[in-house]
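Reading through the structure tokens given below for one structure.
Residue numbers start from 1 in every chain, and the chains themselves are labelled A, B, ... in the order their sequence lines are given, proteins ahead of strands. Everything numeric in this text was worked out from a predicted model, so none of it was measured.
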Amino acid sequence: MASNLVIVESPAKAKTIEGFLGKDFLVKSSFGHVRDLYQKELSIDIANDFKPHYEISPDKKKLIEELKQIAKKSDTVWLASDEDREGEAISWHLSEALNLDMEKTKRIVFHEITKTAILEAIKNPRGIDLNLVDAQQARRVLDRLVGFELSPVLWKKIKPSLSAGRVQSVAVRLIVEREKEINAFNEISTYKVTGQFFINKGNEKVILKADLSTKFDTKEEALNFLNKCAEAEFTISDIETKPAKKSPAPPFTTSTLQQEASRKLNFSVSKTMVVAQQLYEAGKITYMRTDSVNLSDMAIDLAKTEITKSYGHEYSRVRKYTTKTKGAQEAHEAIRPTYMNNHTIEGDAAQKKLYDLIWKRTLASQMSDALLEKTNVTIDISTTPEKFIAKGEVLKFDGFLKVYMESTDDDIEDDESKGMLPPLNKGQKLDPKQIDAIQKYSQHPPRYTEASLVKKLEELGIGRPSTYAPTISTIQKRGYVVNEDRKGTERNYEIITLEENKIKETGKTEVTGTEKSKLFPTDIGTLVNDFLVSHFDRILDYNFTANVEKEFDKIAQGLKIWNEMIKGFYSTFHKNVENVLGDSERPNYERHIGIDPKTGKNVIVRMGRFGPVIQLGDNSEEEKPRFASPKKDQRIETITLEEALKQFELPRTIGSFEDEDMIAAIGKFGPYIRHKSAFYSLPKEDDPLSIGKDRAIEIILAKRQKDIEKVINIFKHEDKDIQVLNGRWGAYIAVEKTNYKIPKKTDPKSLTLDDCLKIINETPQETSNKKTYSKTTKKK
DNA sequence: CAGTGAGCGAGCTTCCGCTTGACTT
């Protein structure tokens with residue numbers, strides 16, 4: 001029997017560590033926290049110094065019983081949870097839940113999973129740091145108080161089941177405020193000038209591209225400039241060459257991994273975490289929830305060996321990175337391959353891609369700088385003081401770029417065609433091929449992606465590596481935010497070209513505003529945010545977390561008592577909550593967007609009982625107002641009068657067919673036609689606002705034909721209809737509401753009643769265990 | 001997954017962080 005019990009947080013970690021320690025050590029995992037406040041109640045005794053009321057988490061009861069038994073038989077229990085606030089609390093909760101004898105309980109910590117680190121830790125045990133535990137209790141209690149007092153305010157004032165919290169509400173605020181910035185953005189255009197010059201390079205002519213250092217605000221200025229160029233002489237006045245270097249990015253943390261996997265692999269934040277978890281459990285990478293960029297000495301050594309072996313020693317450069325992130329707790333290493341010599345791994349496509357990314361990033365982080373030579377060529381124009389600048393770049397030594405280059409979010413960067421320049425001399429006269437002034441529009445600030453939101457939250461010190469993905473799914477589940485694509489719109493721009501002394505104007509169109517997988521606030525998200533910001537500005541302040549973190553740090557250092565800190569916070573917070581609940585005012589967000597020219601009635605958009613609604617006419621008038629729902633992508637804040645009025649054109653009578661009206665409308669499942677109380681979905685290419693009578697009849701007849709074809713056979717069996725039907729995915733058998741697959745090779749037409757019954761009986765009962773990434777369907 | 005096209009009703013909802021699992025067909 002093992003005489004030592006070691007408890008760590010993760011089972012994968014337990015497995016590895018068990019190998020390092022002798023037979024005397026049994027290593028078990030706590031699977032994270034084992035106790036928490038009750039899920040359904042506040043569980044904080046406010047009158048009694050905010051005493052928390054803990055319970056063993058329901059899913060941990062069995063585990064605790066098991067650990068209790070083992071602990072009883074062990075000489076020493078080693079609590080080896082992570083070395084941060086939460087980890088310390090886990091150890092403390094374990095000691096309480098297991099009723100551990102503190103005489104034979106030891107607390108140990110290690111940041112890297114290596115044999116030496118663990119043996120070293122065993123040699124240096126300590127007690128549980130109760131100050132650190134108190135800091136965690138303060139964090140936990142504060143979050144519960146905020147969440148469980150704020151959410152009910154929303155239920156009363158806005159609608160049931162909404163939620164608010166220290167982290168999620170600020171995440172929503174970021175998205176709502178960005179959207180407001182975008183709505184308020186004033187697009188302006190300028191004229192950007194680029195010149196192309198002929199250069200003789202031996203016998204051939206090559207083109208030198210150069211940008212003008214100034215941009216013009218108006219077309220007149222651009223034209224004026226081009227006119228001056230028509231008579232000008234172009235001379236190289238200066239060639240400046242200077243060395244430059246690029247350094248690799250630090251190894252991955254959770255947040256940077258999520259960002260890069262999003263940019264390079266198009267992974268959602270939760271997908272990245274699921275795949276990383278698989279790699280971790282397979283022993284391929286280190287722990288994936290970390291805020292540290294630190295690599296263990298062993299990892300640095302392995303990387304150095306690998307780089308020297310694969311690329312030569314001039315590519316190796318040992319680098320130590322330090323974490324600058326606000327509030328980082330650094331309980332783990334950076335995310336890296338467990339074995340640097342595994343360039344690739346076995347696994348599915350996603351696992352391979354993510355591993356490749358991690359491997360390259362880690363290796364590159366230990367490689368030398370890339371060395372460049374940058375050249376700036378200045379071209380004078382004889383008739384005007386503006387100057388053209390041509391830029392060149394030559395890679396002298398690739399260094400880390402041999403394996404990896406980090407991506408950036410600003411993909412709309414001007415593609416200054418940097419490359420090698422042809423041979424040029426100072427004083428050289430240049431022969432212009434053409435000069436273009438292109439109208440460019442200013443860009444509004446970008447909408448957040450899931451990953452760029454994580455980046456922002458991390459910068460603000462809000463949330464932790466283990467909560468980034470869940471937070472993003474929560475704000476979507478509550479309906480505050482949607483992640484979607486939006487189609488762009490066309491706009492015109494101009495190009496003015498000077499070529500062979502002639503000026504030519506060309507009008508062109510481009511598509512602007514296309515969005516792919518971006519976060520948009522919904523109406524309810526905007527409404528909740530505006531309400532919270534106006535009444536609970538302290539909690540919604542971007543610095544709120546950073547401020548309370550300072551206090552938690554003081555508690556951890558023993559300079560502050562945790563429940564006194566909470567008391568200070570709560571007294572003002574709770575008063576605030578009561579005041580808001582006390583005033584009878586309900587947030588009334590409505591926008592009067594204009595007057596209907598046909599009826600002269602007011603057009604109002606507002607949040608109704610069942611979501612956003614457009615109202616035509618006031619409530620007080622004799623005639624009842626008309627209502628319509630906005631389209632899915634229309635928002636209360638931005639919908640125009642024209643768009644709103646359009647929504648009243650449906651339902652619309654198209655004409656009559658077989659003595660009954662055909663009515664076009666948009667329902668829950670998209671546009672449709674109703675005729676004789678039957679419904680016909682409209683294909684994408686048909687618009688319910690404009691569809692004609694003939695086309696509508698065509699759709700109705702087509703559907704009828706399909707319905708006839710749908711039925712292959714009907715059998716009667718014990719008062720039930722057994723139907724063989726044609727569905728979208730081929731033939732199937734339907735009995736009342738249940739459907740059964742027909743084996744692939746059988747011809748559905750040939751099926752007899754007995755065949756059908758056989759299939760029905762052989763089909764196993766439904767196993768509805770759907771796997772999803774984001775939805776954790778917890779129902780009690 | 002198998003083709004849909006709502007309307008008051010009682011009682012419930014909710015936080016953030018740590019970690020993975022799932023009684024049986």
Side-chain angles (χ1 to χ4, degrees), chain A residues 8-14 29-37 39-44 57 59-60 62-63 81-82 84-90 93 136 139-156 159-169 274 277 280-281 287 289 329 331 462-468 470-471 474 478 539 545 608-611 627 651 663 665-674 677-681 703 706-707 710 723 725-734 737-741 764-771 776 780:
Chain A
V8 295
E9 288 183 38
S10 135
K13 203 170 173 179
S29 155
S30 77
F31 296 84
H33 274 296
V34 295
R35 293 203 312 182
D36 193 10
L37 303 170
Q39 256 178 46
K40 301 269 168 192
E41 296 158 32
L42 187 66
S43 289
I44 297 164
S57 309
D59 55 335
K60 297 289 163 58
K62 240 177 105 182
L63 173 76
S81 49
D82 298 344
D84 58 11
R85 203 161 64 200
E86 298 296 328
E88 204 66 23
I90 288 174
H93 279 300
Q136 193 274 346
R139 199 280 305 154
R140 180 69 191 90
V141 166
L142 180 126
D143 281 336
R144 173 54 68 89
L145 288 170
V146 170
F148 274 40
E149 294 220 351
L150 237 35
S151 300
V153 176
L154 297 180
W155 306 342
K156 289 209 181 76
K159 74 173 200 186
S161 302
L162 295 174
S163 67
R166 174 177 59 83
V167 173
Q168 59 169 284
S169 296
V274 167
Q277 174 95 28
Y280 169 66
E281 283 172 13
Y287 197 58
R289 290 185 274 265
Q329 308 200 359
I462 299 170
R464 304 278 311 129
S466 65
T467 60
Y468 295 138
T471 299
T474 300
R478 298 274 175 274
I539 310 291
T545 292
R609 239 190 133 90
F610 309 106
F627 297 98
I663 293 155
I666 296 177
K668 204 171 172 182
F669 305 102
Y672 66 96
I673 301 170
R674 201 173 73 226
S677 71
F679 294 91
Y680 304 89
S681 290
K703 171 89 192 305
K706 233 174 121 189
D707 284 347
K710 189 180 164 184
Q723 297 177 296
L725 302 174
N726 244 328
R728 187 169 155 186
W729 287 276
Y732 65 101
I733 299 171
K737 296 265 156 158
T738 327
N739 301 313
Y740 301 88
K741 255 192 212 158
Q765 288 294 309
E766 210 173 320
T767 50
S768 57
N769 284 334
K770 287 177 210 164
K771 278 187 188 167
T776 42
K780 301 260 149 147

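Rounded to a whole Å, the CD atom of A:Glu88 is 15 Å from the P atom of B:dT19.
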Original post:
Under a cut-off of 3.5 Å for both distances of each Watson-Crick or G-U pair, what dot-bracket string does DNA chain B give, using [ ] for crossing pairs and | for inter-strand pairs?
Top reply: .........................
Original post:
What does nucleotides 12-18 of chain B look like as a protein-contact string, B for base, S for sugar-phosphate only, - for none, at under 4.0 angstrom between heavy atoms?
Top reply: -BBBBBB
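At least one donor-acceptor pair closer than 3.5 Å links the side chain of A:Lys60 to the backbone N or O of A:His33. Here the side chain of A:Arg166 pairs no donor or acceptor atom with the backbone of A:Gly147 at under 3.5 angstrom. Side-chain atoms of A:Ser151 come within 3.5 Å of backbone atoms of A:Ala164 as a donor-acceptor pair (strictly under, hydrogens ignored).
Residue A:Tyr468 is classed as having no contact, given no heavy-atom separation below 4.0 Å to the nucleic acid.
Residues satisfying the side chain to side chain donor-acceptor pair (under 3.5 Å) criterion with A:Tyr287, sequence neighbours excluded, are A:Arg289.
Residue-to-nucleotide proximity on DNA chain B shows that, of A:Tyr680 and A:Ser29, the 5′-proximal contact is made by A:Tyr680.
Residues A:Ser163 and A:Gln168 bring a donor and an acceptor atom of their side chains to less than 3.5 Å of each other. Side chains of A:Ser57 and A:Arg35: no donor on one and acceptor on the other come within 3.5 Å.
Tested against A:Arg139, the residues A:Leu142, A:Asp143, A:Val141 include a single side chain to side chain contact (heavy atoms under 4.5 Å, CB included) partner, A:Asp143.
Closest non-hydrogen pair, A:Ser29 versus A:Glu9, comes out as OG-O, 3.0 Å.
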